[in-house]
*Asks:* 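Handing you a structure now.
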Amino acid sequence: MIAALGFRAAFQNHVQQTTVAELEADLRFMTRGLKLENGAVILVPKVLPDPRFEEPLSGVYWQIVDDKTKTIVRSGSLVTFTLALPDDVLPLNTVHRHVVKGPEGVDLLLLERRIPEGVEGKHSWRFAVAIDRSLLKSQVDAMMLDTSPVFFILGLSLLIVTFIQGGMLMGPLRQASRALALVRAGRKERLTNMVPKELDTFARDFDALLDAGERQVREARQRAADLAHSLRTPMAVLLARADEIDAAGQTGAAATIRDIVTGLEHRATRDLALANIHGPNLGRLVEIPLAPVIHQITLALGRTSGRENLTWDVQVAPEHKVRLDQSDLTELVGSLLDNARKWAQSRILIATVSDHASLRILIEDDGPGIEPHQRRLALSRGQKFDAALSGTGLGLSIAQEIVLAYGGSLDLSDGLLGGLRVTLELPQTNLG
């Protein structure tokens, strides 16, 4: 389209320049009608070779005006119309260009030249030749109509070439995008050797960034573990000191120390557990069947609980899989099942429900449950609702942190068995 517009402008300029040159040639031809007879210059109009000058209202006209006598000689195409020449002072023998009104109010491109009788120029003639500007426009329009198929074919060809070239250029990027999706989903570990050679440098830099991130995570976990272990000895000393103070009769001070140490122990245990959450590490996740993990954990908990009357009702489909780190999955399911075991009276139900977007894991027991106003407290921080039971009260909170790390959610509600229902919802990853 831009090429067509440029071509039209160039051709329009060419037509105008060619027309002006032809009109100037007509002016020169007309001035040859001035003849010298008996010592005086007289005008003998010459007929121009273009027959349109004699065809009425053809669009091309000429006119001669005698400045002295105001006599007007015009072409046959003007019939009785007189061209209104601009009232300006024309230098002798100089061609002027004007736009004037012609017959029927059309715009004319007019060239004018003033020829003197002698050197002094007291007597002169004004020669004018004009053409309808619509004739110029019609030439341009006709040319554009003839060449429009060429520009259409050219534009269509350029579009086809552009799409082909774009497809060739976008191919490596699409391949890199697919490779990145595989890494993000955990099906591949790194981008190197998975992208076209044009993106080798990008792949190496990206893999180096992943390595640096994993190295920093490992170091942070190690520092957290070291800190937690280093706090255990001082806390044990403080508890021993609290016992001594209690034995000395300062029960209140001993209780305060025990509360502080217990709070520190809970905080250290929680932070260490959070630091050990691996999360969705790129390139390190594989699909893990959920049923074997649950059966293994329930078997272990059944052996250690010492409760023969406890029934584990596992309704997990064999095809249901999750894409979690192995240790995170074990910690997540283990903490929730251990929590259910502590509160259940006789039965624990574990079931899964899957759709195209997510997998829901339902864990509920027939215990007393948790009151609705206490559920947010149970998820926000460690809270033991029964001091007689072992543990730190961090199971639900840690489980929620693990689920959130993988883009899922954890919800507490009333179960069908009468106790607490924990609903885990984990997103499904389908790459085909």
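In this text the structure is predicted, and so the values were computed from the model without any measurement. We're numbering straight along the sequence, starting at 1.
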*Asks:* Who pairs with Phe81 by ring pair (Phe, Tyr, Trp, His ring centres under 6.0 Å), at least two apart in sequence or on another chain?
*Replies:*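 With neighbours one apart ignored, the set is empty.
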*Asks:* Within the 4.5 Å heavy-atom criterion, are Ile348 and Thr311 side-chain neighbours or not?
*Replies:*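 SC-SC contact between Ile348 and Thr311 ruled out.
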*Asks:* Should His96 and Leu111 count as side-chain neighbours, where that means a heavy-atom distance under 4.5 Å?
*Replies:*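 Sidechains of Leu111 and His96: no contact.
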*Asks:* Can you tell me if Ser346 and Asn309 form a side-chain donor-acceptor pair at under 3.5 Å?
*Replies:*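 There is no such pair (donor and acceptor under 3.5 Å, judged by atom type) between the side chains of Ser346 and Asn309.
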*Asks:* Compare all side-chain heavy atoms of Leu301 with those of Ile297 and state whether any distance is below 4.5 angstrom.
*Replies:*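 In contact.
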*Asks:* Taking Gln315 for its side chain and Thr352 for its backbone only, find out whether a donor-acceptor pair lies under 3.5 Å.
*Replies:*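 It does not hold such a pair.
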*Asks:* Could I get the full list of side chain to side chain contact (heavy atoms under 4.5 Å, CB included) partners for Thr201, not counting sequence neighbours?
*Replies:*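 Residues passing side chain to side chain contact (heavy atoms under 4.5 Å, CB included) with Thr201: Arg204, Asp205.
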*Asks:* Would you confirm whether Arg375, through its side chain, and Ile370, through its main-chain N or O, come within 3.5 Å as a donor-acceptor pair?
*Replies:*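 At least one qualifying donor-acceptor pair exists.
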*Asks:* In Å, rounded to the nearest 0.5 Å, how long is the span from CG of Asp26 to CZ of Phe127?
*Replies:*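 The CG atom of Asp26 sits 13.0 Å away from the CZ atom of Phe127.
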*Asks:* Look up atom CD in Gln296 and atom CG in Leu299, then write down how far apart they are to the nearest 0.5 Å.
*Replies:*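 Result: 8.0 Å between the selected atoms.
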*Asks:* At their closest point, which heavy atom of Phe7 faces which heavy atom of Thr147, and how far apart are they?
*Replies:*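 Taking every non-hydrogen atom into account, CE2-OG1, 4.0 Å.
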*Asks:* Would the distance check show the side chain of Ser177 and the main-chain N or O of Leu173 forming a donor-acceptor pair, the cut-off being under 3.5 Å?
*Replies:*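 Answer holds: no.
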*Asks:* Taking the side chain as C-beta and beyond, is there a heavy-atom pair between Val79 and Pro56 under 4.5 Å?
*Replies:*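 Yes, at least one pair of side-chain atoms sits under 4.5 Å.
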*Asks:* Hey, are Tyr61 and Asp132 close enough side-chain-wise for a donor-acceptor pair under 3.5 Å?
*Replies:*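 Not at all, the side chains of Asp132 and Tyr61 share no donor-acceptor pair under 3.5 Å.
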*Asks:* Show every donor-acceptor pair shorter than 3.5 Å between a side-chain atom in residues 139-146 and any protein atom, with sequence neighbours excluded, or say none if there are none.
*Replies:*
from: Asp141; atom 1: OD1; to: Arg8; atom 2: NH1; distance (Å): 3.2
from: Asp141; atom 1: OD1; to: Arg8; atom 2: NH2; distance (Å): 3.0
from: Asp141; atom 1: OD2; to: Lys137; atom 2: NZ; distance (Å): 2.8

*Asks:* Quick one: pull up CD1 in Ile363 and CG in Leu349 and give me the separation to the nearest 0.5 Å.
*Replies:*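 Here the rounded value is 9.5 Å.
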*Asks:* Okay, side chain of Ser77, backbone of Phe53: is any donor-acceptor separation there less than 3.5 Å?
*Replies:*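 At least one qualifying donor-acceptor pair exists.
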*Asks:* A quick test of your reading: do over 12 heavy atoms of other residues, nucleotides or ligands sit less than 6.0 Å from CG of Leu169?
*Replies:*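 Result for CG/Leu169: enclosed.
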*Asks:* Kindly compute the distance separating CG (Leu110) from NE2 (His98), expressed to the nearest 0.5 Å.
*Replies:*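 With rounding to 0.5 Å, CG (Leu110) is 6.5 Å from NE2 (His98).
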*Asks:* Using a strict cut-off of less than 4.0 Å between a Lys/Arg side-chain nitrogen and an Asp/Glu carboxylate oxygen, indicate whether Arg360 and Asp411 qualify as a salt bridge.
*Replies:*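 No, Arg360 and Asp411 are not salt-bridged.
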*Asks:* Would you please classify the geometry between the Phe11 ring and the His14 ring as parallel, tilted or perpendicular, with 30° and 60° separating the classes?
*Replies:*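 The rings of His14 and Phe11 sit tilted, inter-plane angle from 30° to 60°.
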*Asks:* Could you check whether any side-chain heavy atom of Val422 comes within less than 4.5 Å of a side-chain heavy atom of Leu412, counting everything from C-beta outward?
*Replies:*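 The answer is yes; the side chains approach within 4.5 Å.
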*Asks:* To the closest 0.5 Å, what do you measure between CZ (Arg126) and CG (Leu85)?
*Replies:*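 That separation rounds to 5.0 Å.
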*Asks:* Might you confirm whether atom CD of Glu104 has over 12 heavy atoms from other residues, nucleotides or ligands at distances under 6.0 Å?
*Replies:*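 No, not enclosed.
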*Asks:* Which residue is it: Asp365, Asp313, Asp366? I am looking for the one with a salt bridge (charged side-chain N to carboxylate O under 4.0 Å, His left out) to Arg347.
*Replies:*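 Exactly one pass, corresponding to Asp313.
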*Asks:* Apply side-chain contact (heavy atoms from CB on, under 4.5 Å) to the pair Leu109 and Val100, showing each step before the final yes or no.
*Replies:* CA-CA 7 Å; Leu109 175 62; Val100 300; over 6 Å; no
*Asks:* Flag the pair Leu83 / Leu78 as yes when at least one side-chain heavy-atom distance between them is below 4.5 Å, and no otherwise.
*Replies:*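 They are in side-chain contact.
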*Asks:* To the nearest 0.5 angstrom, please state how far the CG atom of Asp325 sits from the CG atom of Leu329.
*Replies:*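 Interatomic distance, Asp325 CG to Leu329 CG, rounded to 0.5 Å: 9.0 Å.
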*Asks:* Quick one, Glu112 with Val95, criterion side-chain contact (heavy atoms from CB on, under 4.5 Å). Give me CA distance, side-chain angles, the key distance, then yes/no.
*Replies:* CA-CA 6 Å; Glu112 179 187 6; Val95 177; over 6 Å; no
*Asks:* Is any side-chain N of the basic residue among Arg52 and Glu55 closer than 4.0 Å to the acidic one's carboxylate O?
*Replies:*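 No salt bridge links Arg52 with Glu55.
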*Asks:* Give a yes or no answer on whether the side chain of Ser58 reaches the backbone of Glu54 with a donor-acceptor pair at less than 3.5 Å.
*Replies:*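 Here the side-chain-to-backbone pair does not exist.
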*Asks:* Ser138 side chain to Leu135 main-chain N or O, any donor-acceptor pair under 3.5 Å?
*Replies:*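 Indeed, once roles are kept as given, a pair shorter than 3.5 Å links the two residues.
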